[in-house]
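Here the structure is laid out as structure tokens; the discussion comes afterwards.
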Amino acid sequence: MTLSPRAWRQSALRGGLAVALAASAWTAWAQPAPNCDSRQDPAACRREAGAAREEARRGGLTAPVEGNAGANAMARCQLQPAADRADCEARVRGSGTGTTTSEGSVMGGGIIRETVTPIPAAPATPRP
């Protein structure tokens with residue numbers, strides 16, 4: 001089959017466009033999405049970024065409210081037994097009678113807070 005010069009150009013343009021679109025899609029897929037942690041699976045990061053873009057397009061994403069994380073942490077303390085609740089709240093605030101340390105990350109599975117409170121030994125009673 002012989003193509004006229006015009007048909008050949010149109011066919012070449014369509015083919016070139018298809019190649020360009022495929023190359024563009026491959027480049028976008030192969031590159032990590034912005035704000036991805038190097039420890040995270042790149043495919044999972046791309047899925048999450050795509051889902052976030054789609055949700056933002058629909059207007060479903062909102063900026064985090066300042067102080068909301070602290071309020072959420074305090075709400076989790078309310079689920080603790082009454083005897084442990086005050087200590088939980090002191091850990092969240094970073095206050096209390098002991099020394100509170102934090103370690104870990106959300107990426108690593110969570111932030112662990114530990115409070116060490118020294119308790120003085122009971123005075124020794126004299127033996128008869």
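Just so it is clear, the values below take in all heavy atoms, side chains as well, and ignore hydrogens, waters and symmetry mates.
The neighbour count for E103 CD, taken as heavy atoms of other residues, nucleotides or ligands under 6.0 Å away, does not exceed 12. Around CD1 of I119, the count of heavy atoms belonging to other residues, nucleotides or ligands within 6.0 Å does not exceed 12.
Contact record, Q80 with R85: O-NH2, 3.0 Å, taken as the closest heavy-atom pair. Summarising the geometry of V92 relative to G70, their closest heavy-atom pair is CG1-O, 4.4 Å, with the distance given to 0.1 Å.
A distance of 9.5 Å separates CD in E55 from CZ in R57, rounded to the nearest 0.5 Å.
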Margin query: Applying side-chain contact (heavy atoms from CB on, under 4.5 Å) to E54 and R58, what does each step give before you reach the verdict?
Written below: CA-CA 6 Å; E54 180 61 26; R58 285 189 269 161; 3.7 Å; yes
